[in-house]
Every structure is written in structure tokens, then in C-alpha cells.
Amino acid sequence: MNIFVNEEKLDIELGKSIGEVFCTLKYDNSVIGAIVDGELKDLFYIPKEDEKVSPVHKDTEQGLGLIRHTAAHVLAEAVQSVYPETKVTIGPVIEDGFYYDFYSTKNFTEDDLLIFEKKMEEIINKKLPISRKVISKGSALKQFSSMGEFFKEELINEFPEKEEISLYYQDQWFDLCRGPHVPNTSYIKSFKLLSVAGSYWRGDENRESLQRIYGTAFFSNKELKKYLSLLEEAKKRDHRKLGKELNLFSITDEVGPGLVLWHPNGSTIRRIIEDYWRDQHIDAGYSLIFTPHIAKADLWETSGHSEFYSENMFSQMDIDSSKYQTKPMNCPFHIMIYKSELRSYKDLPVKFAEIGTVYRYERSGVLHGLFRARGFTQDDAHIFCTLAQIEEEVEKVINLTTKFLNAFGFEDYEIFVSTKPSKYVGSDAEWDEATNALKNSLKNKSLNFLVDEGGGAFYGPKIDLKIKDVLGRSWQCSTVQVDFNLPKRFDLNYISRNNDRLQPVMIHRAIFGSFERFFGILIEHYGGAFPFWLAPVQVKILTVSEEQFDYSNFLVDIFSKLKIRVEIDKRNEKLGLKIREAAISKVPYVLTIGKNEMENKTVSVRKYGGEQLGELEISKFEDVIKKEKMGDLL
RNA sequence: GCCCAGGUAGCUCAGUGGUAGAGCACAUCCUUGGUAAGGAUGAGGUCGGCGGUUCAACCCCGCUCUUGGGCUCCA
């Protein structure tokens, strides 16, 4: 039988494992697995005719999957040795580590994690060899039912008859597992259990509640440390923490969960973003509108939200014997404005944009600071156009979107096009044309995108954009969605050149998604140190003593006229303290004013981060900030 | 919603079945100072809320509200 090892054709005996093949090739024990036709396999794997095999070494990214999977097994053994009644379920490798779900009457605590870690350490140090055994479905069932491992039983019962069932052993302990694993436990050089959390068997909230232990493993302590410090860094940047420290926003018990209070500092930033947003949208040909926060329930009946979205809507209220509803979306209002006059094909595209606050019921467990709130403000817009206009309009939306994202320092993004799902409205021809229009608009901009086949909403195809922040984390913000449904439901039309009544299509689009969420992302992206154009206080003046009060007031006048947000710290405190506090509040420019500066008509400039620009003439410093202000005209 | 872990001064957090603690912030005073914390004094709490056990509850128990980690990754 032939296989290809590193592209080279090799004749091997049928039924030989990759490990054995590598052995004959005199590979050393740094080889711990293989990539076979793009999939990670271990040395136990028996290759099939013509498969392409390449070795996976330890200390590589690819090898991490192997040690993490084995680490999950080691964890399971450790847990069962400490709490023998514990039932095992599944323990896969995930993006940055692994987890294992357990069923146990004992509630695991953080302290238990330390005990498990210690036990794992012992198992790893024993350098237990891993072995693989293939058994029949019948004996697998027998085996696991005799052990009372009923979750495993359930899994095995559902396997197709022909499926090869394998057990992985580490010494005596074994688990039903398809692999892949490292040859022995000692390859796990460095690991850590990170957290305990709840989960459900098979993610189904009607099934058994399980306890999930998250952990990660690496080939070296150095890598583990690097990963842990990344987690630390993310913690430091947590927008909930910075929001409090920098006095940006709060979410309080008294007001209610998921409802955001924007404090003056946060509001200043939001105002600047909104001003920029409005300017850009007016330039891009949108009409800016305002709509109410509640409306008659009938409107949501027509839109279909009551039927399809009721789980996320707040309950209705009675007003003058009519039912009203807080808005979970802005679209029906925009539609009503479209319908307020008879539209001609000459009017299209009609573009309405609104910074519109919506209210959605989110289950209490999913609320998360600004990222997931119950009241939030969308940067919403709706484009009413013909099918033929979609391509051009979407291209304009993409242009506007990239302009915005670049202005906020996001250079990297991933783009996804989602196509027709199994249940949909509209004709196949409409879907094809709209989907092609979306793809073409991206191709015209030479933007790469991935296609999520069947991932579209029932009402139309869409483009989603995920941005990457400085820590490399992805966030989905921008979305462009074609909608065939609402124009039909609201019976929208326009008069064509031939005097026919035709139905327009609608494009829903948001760039930030929501101001709350986007603000949260910005806080974490910048770590609270906002760029000059966004900083709530741009320049802080620190007086050395009372003698400089007049001079500092004079400076404030000058900078205020330049529309700079400036504050003076006149407190009766030492300069060192004032500098420390200005630095902690992350003000971009700190000006120290003492006797010298007053006499010389200068300012001593210190940039955020500690860089000293030294003593500058006032006009020289004006030049510095004017240059900074240019930054926001990206 | 469900599981686990929290909720003590404005903030960050100690703490104990027997009168509630620190640091920062705040107020007043002293100090008028030169690049990341000057000093003193003081005020500030129904220990998330409601019920229970107890001679006595911030602590133990139950309920409730709320915050955090999760609940998609499939042997």
C-alpha cells in the first residue's frame, strides 16, 4: 500500500500505524503525531491508501492539540481518583486549551482545582504510556455500563454500527475516545486548570447539569506564562473595570440590570463618536431621523417581530385601551417614514439613518457589561432600493464601514457572506441576485471573504464583519443584511418608469452594531488610553503653586477657543501627586505650570506614557495639538 | 432561565456566633511644593433585601435581588 510522507511516496505494509512507519524512517521521539489529509492524528493512526502524512513535532502549534487532549484525560483521571462517584462525559480540545464535563453530586470549587492539579502532576510525572484499544460496540457498551458511566453508554448507543470504537488507556485508567493523544503523559510539560463552570449534557438545558473544568496545557512553562499574562492583560483592559476607574459608565442595581448610565466622561466620548457618525452619514447621503421608543403592538404584528422575536421583547403595556410595546428594533419606524409618501423609482435609493435606542429582553445569565445589555443604541440605517441597486449601495456601505473602523484603529477584519438557509422568503432568483451583489461589492473592493453557506437569515443574505483588537480578539460589529421580508409585510412599493407599482428591497446595516458594545470594545482596544480626539480630557494643566492660577486660566481660554477639552488641577497638592493622578486618568497631554513657565510664557509638556516634550512656547504646543486634531479627519 | 462562586464605607478588599476594620477617595487644618502618593484630624456602614434558627446573626439556614465564570466547541 502506498502513502505519502512529506509528499514522498512510500510503500508500507497494510495495517501499520503511523508510529511504526515513522519508526522505520528513524524519526526520533520528538515526533508525537501526524497531520493526515489536513487532520491531526496520533501515532496510533493506521493510514489508508494514498493518504498524505506529515509528522507533527512537539513544541509546535499543531502538537498542542495532542497534549491538551491528553491533559483532559489526565484531568478526568485525577477527578475520578479524588471523587470516585464522578461520571465522565466529554473533554474536547478548544481554542486555547481544553475542558472536561463531569457529572457529580459534589460541587467542585476553586480549591478542588488545586487538588486536581496536584493529582494531575502525579499522573504526568509517572510518565504513563498511552495505548489505544479497538473494541466492538457490544463490549464497549458492556464495559461502560458495568462502570455506571451512563453518559458514555448513551454516546456509544448512538454510534453507527460500523463505527470503530476506541479506548485510550493511560496505564489502568481509560476513556472512550477517538483521540488523538500523545505517546505518554510526560509530554504535558506545563498545564493549568483555569475555572469551573456549569454546562449541560449536550448543551441542552433540559438535560443533566454538568460541571465543566477549563484548563490549558503547553510544551513549556514559558508558553504557559505567556498565555497567562495575556489573560492578565485582558483582565486589566476589562471595560467594566476601566469603566469604573475612568468614570465612564455604570450599571446599577437601582436602575436595573443591563441598563447603562453614561457618566460625563463616557458621554463625552459617545458624543464625539456620534458627531463624527452624523457628519459622515450626511456626507454619505443618508437622511438622519428620530423615532419613538414605544409603538402600538399592531406595528410589531405587521413586522412579524411579535411572532418571531417575542422571546426578546419586553412585555406590552396598556395605554388608553390600546396595547403598546417598547421597540426591540428600529426598522418598522423607518418603514413607516418610507411609506409616508408615494415613492418614485427616481427617489431610490432612500436611505434613513438613526442613532436609535432599542430594548431587548436578554436572559439574566447572558448580560455582560456593555457587551450585552438590555437597552442599547444601534447605529441603524435602512436603505430602500431596487434589486439592481444592491451592489452599488452595499459597496458604499463597505466603504463607509472601513473608513469608520480605520478611524478607530481597527485595521484587521474578517468578512463573512451568509447565503440562503433552508427556510427562506423571496424567490431563488432574488436570492441569487442579492447574494451575488453582496459578493461582487466585496470583490470590487478586493476584500477577501469567507462564505457561510446557508447561514443567512430567513429574510435575506448578509455580510458580517469581524474586527480584531490589539489583543487579537475578534468582535462582530458591522452587518449588512438584505431583506425581502419586511417590504412584503408592510406592502412597500415605488412607481416604476412604466408606471407599475414595484416592491423595493431593504438593506439593514449597522457599522458599530451598538454604541454600548462598540464603546466597550474601544475601551478594551485602547486599554482606556483613548487617542487624543476621543479623550474626555485632552489636556490637563497642573499648577505648581497658587501663583500660577491666573496664568493657567489664561491658558484654558486659549485652548478652549481651539475646542480642546482642557482642565486645571488647582488643588493644594504636590506636583508629584497631580502628575500621578493625571497619568492614572490617562490624559493625553499634561502641562506643568510653575514659576519658570509663567515668566517665559511657556508650558512644560508631558505626554501620556511619560514622554517629556520639555518646555514649549504656547504656539509650539498649539502646533502639537493641531497636528493631533488632524488625526480625527481620517 | 440553569449550574457554580461572590455581594461588608464612594472605590479596592480584610474580618468574626458576642458593640464593624484597612488603604484610597471625601471634609477640615498644616504645608506653596518642580515631574507617579507631604502630614494631621475627622466624617462616613440597617455588612444586598426579606424571613428563620439562636439569649445573641454580617457570620448558620431558606427565599429573593444582583454581579462574575460558564451553559456553541461534541467519544
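Numbers restart at 1 for each chain; the letters A, B, ... are given by sequence-line order, proteins then strands. As the structure is a prediction and not an experimental result, all values here were calculated from the model.
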Taking any heavy-atom pair under 4.0 Å as a contact, classify [X]: base, sugar-phosphate, or nothing.
{"X": "A/Glu149", "value": "nothing"}
{"X": "A/Gly576", "value": "sugar-phosphate"}
{"X": "A/Gln211", "value": "nothing"}
{"X": "A/Thr592", "value": "base"}
{"X": "A/Ser604", "value": "base"}
{"X": "A/Glu154", "value": "nothing"}
{"X": "A/Leu367", "value": "sugar-phosphate"}
{"X": "A/Phe159", "value": "base"}
{"X": "A/Glu164", "value": "base"}
{"X": "A/Gly256", "value": "nothing"}
{"X": "A/Ile579", "value": "base"}
{"X": "A/Asp101", "value": "nothing"}
{"X": "A/Val366", "value": "base"}
{"X": "A/Gly594", "value": "base"}

The side chain of [X] is closest to which nucleotide in this list: [options]?
{"X": "A/Pro92", "options": "B/rC73, B/rC71, B/rG33", "answer": "B/rC73"}
{"X": "A/Pro257", "options": "B/rU67, B/rA36, B/rG69", "answer": "B/rU67"}
{"X": "A/Ser545", "options": "B/rU32, B/rU35, B/rU66", "answer": "B/rU32"}
{"X": "A/Ser209", "options": "B/rU35, B/rA36, B/rC3", "answer": "B/rC3"}
{"X": "A/Arg580", "options": "B/rA36, B/rU35, B/rG38", "answer": "B/rA36"}
{"X": "A/Ala197", "options": "B/rG69, B/rG34, B/rC26", "answer": "B/rG69"}
{"X": "A/Tyr99", "options": "B/rC73, B/rC71, B/rU35", "answer": "B/rC73"}
{"X": "A/Val544", "options": "B/rG34, B/rC2, B/rU35", "answer": "B/rG34"}

Using the [atom1] atom as the point on both nucleotides, what is the distance between [M] and [N], in whole Å?
{"N": "B/rU19", "M": "B/rG6", "atom1": "P", "answer": "25 Å"}
{"N": "B/rC24", "M": "B/rA9", "atom1": "C1'", "answer": "12 Å"}
{"N": "B/rA40", "M": "B/rC55", "atom1": "P", "answer": "47 Å"}
{"N": "B/rG7", "M": "B/rC59", "atom1": "P", "answer": "12 Å"}
{"N": "B/rU16", "M": "B/rA57", "atom1": "C1'", "answer": "11 Å"}
{"N": "B/rG18", "M": "B/rG23", "atom1": "C1'", "answer": "28 Å"}
{"N": "B/rG45", "M": "B/rU8", "atom1": "P", "answer": "15 Å"}
{"N": "B/rG62", "M": "B/rU53", "atom1": "C1'", "answer": "11 Å"}

**Request:** Decide, yes or no, whether a salt bridge links A/Glu599 with A/Lys595 under the criterion of side-chain N to carboxylate O below 4.0 Å.
**Result:** no
Quick one: does NZ or CZ of [X] land under 6.0 Å from the six-membered ring centre of [Y], within 45 degrees of the ring axis?
{"X": "A/Arg212", "Y": "A/Phe108", "answer": "no"}
{"X": "A/Lys601", "Y": "A/Phe554", "answer": "yes"}
{"X": "A/Arg207", "Y": "A/Tyr200", "answer": "no"}
{"X": "A/Lys570", "Y": "A/Phe549", "answer": "yes"}

**Prompt:** Between A/Glu95 and A/Glu573, which is nearer to the 5' end of RNA chain B once each is assigned its nearest nucleotide?
**Reply:**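 Residue closer to the 5' terminus by nearest nucleotide: A/Glu573.
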**Item:** First encountered from the 5' end of RNA chain B, between A/Arg212 and A/Arg363
**Value:**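 Checking each residue's closest nucleotide, the 5'-ward one belongs to A/Arg363.
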**Complete:** Every stem of 3 or more Watson-Crick or G-U pairs under 3.5 Å that RNA chain B joins, in order of first number, is B:1-7 with B:65-71, B:10-13 with B:21-24, B:26-30 with B:38-42, B:48-52 with B:60-64
Every protein N/O within reach of nucleotides 45-48 of chain B N/O, cut-off under 3.5 Å:
none

**Request:** Could you tell me whether the side chain of A/Tyr361 has a donor or acceptor atom within less than 3.5 Å of a complementary atom in the base of B/rG1?
**Result:** no
**Prompt:** Is there a side-chain contact between A/Tyr361 and A/Arg374, using heavy atoms and a 4.5 Å cut-off?
**Reply:** yes
From [atom1] of [X] over to [atom2] of [N], roughly how many Å is that when rounded to an integer?
{"X": "A/Leu259", "N": "B/rC65", "atom1": "CG", "atom2": "P", "value": "16 Å"}
{"X": "A/Lys570", "N": "B/rG33", "atom1": "NZ", "atom2": "C1'", "value": "17 Å"}
{"X": "A/Phe98", "N": "B/rU72", "atom1": "CZ", "atom2": "P", "value": "19 Å"}
{"X": "A/Leu591", "N": "B/rG34", "atom1": "CG", "atom2": "C1'", "value": "14 Å"}
{"X": "A/Arg372", "N": "B/rC71", "atom1": "CZ", "atom2": "C1'", "value": "12 Å"}
{"X": "A/Ile251", "N": "B/rG68", "atom1": "CD1", "atom2": "C1'", "value": "13 Å"}
{"X": "A/Asp204", "N": "B/rG1", "atom1": "CG", "atom2": "P", "value": "18 Å"}

Please work out which of the three classes, parallel, tilted or perpendicular, describes the rings of [Y] and [X], given edges at 30° and 60°.
{"X": "A/Trp475", "Y": "A/Phe371", "result": "tilted"}
{"X": "A/Phe308", "Y": "A/Phe458", "result": "tilted"}
{"X": "A/Phe519", "Y": "A/Phe530", "result": "parallel"}
{"X": "A/His73", "Y": "A/His69", "result": "perpendicular"}

Is there a donor in the side chain of [X] and an acceptor in the side chain of [Y], or the other way round, less than 3.5 Å apart?
{"X": "A/Asp96", "Y": "A/Thr216", "value": "no"}
{"X": "A/Asp42", "Y": "A/Tyr168", "value": "yes"}
{"X": "A/Thr419", "Y": "A/Glu453", "value": "yes"}
{"X": "A/Glu597", "Y": "A/Ser604", "value": "yes"}
{"X": "A/Thr543", "Y": "A/Lys578", "value": "yes"}

What are the atom names and distances for every N/O pair under 3.5 Å that joins the protein to nucleotides 9-12 of chain B?
unit_1	atom_1	unit_2	atom_2	d
B/rU12	OP1	A/Lys244	NZ	2.9

**Asked** For B/rU67, does OP1 or OP2 lie under 4.0 Å from any side-chain N or O of A/His368?
**Response**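 Looking at the OP1 and OP2 atoms of B/rU67, neither is under 4.0 Å from any side-chain N or O of A/His368.
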**Message:** Please confirm whether the shortest side-chain N or O distance from A/Arg240 to OP1 or OP2 of B/rG68 is below 4.0 Å.
**Reply:** yes
**Request:** Hey, could you give me the CG/NZ distance between A/Asp464 and A/Lys466, rounded to the nearest 0.5 Å?
**Result:**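 Result: 8.5 Å between the selected atoms.
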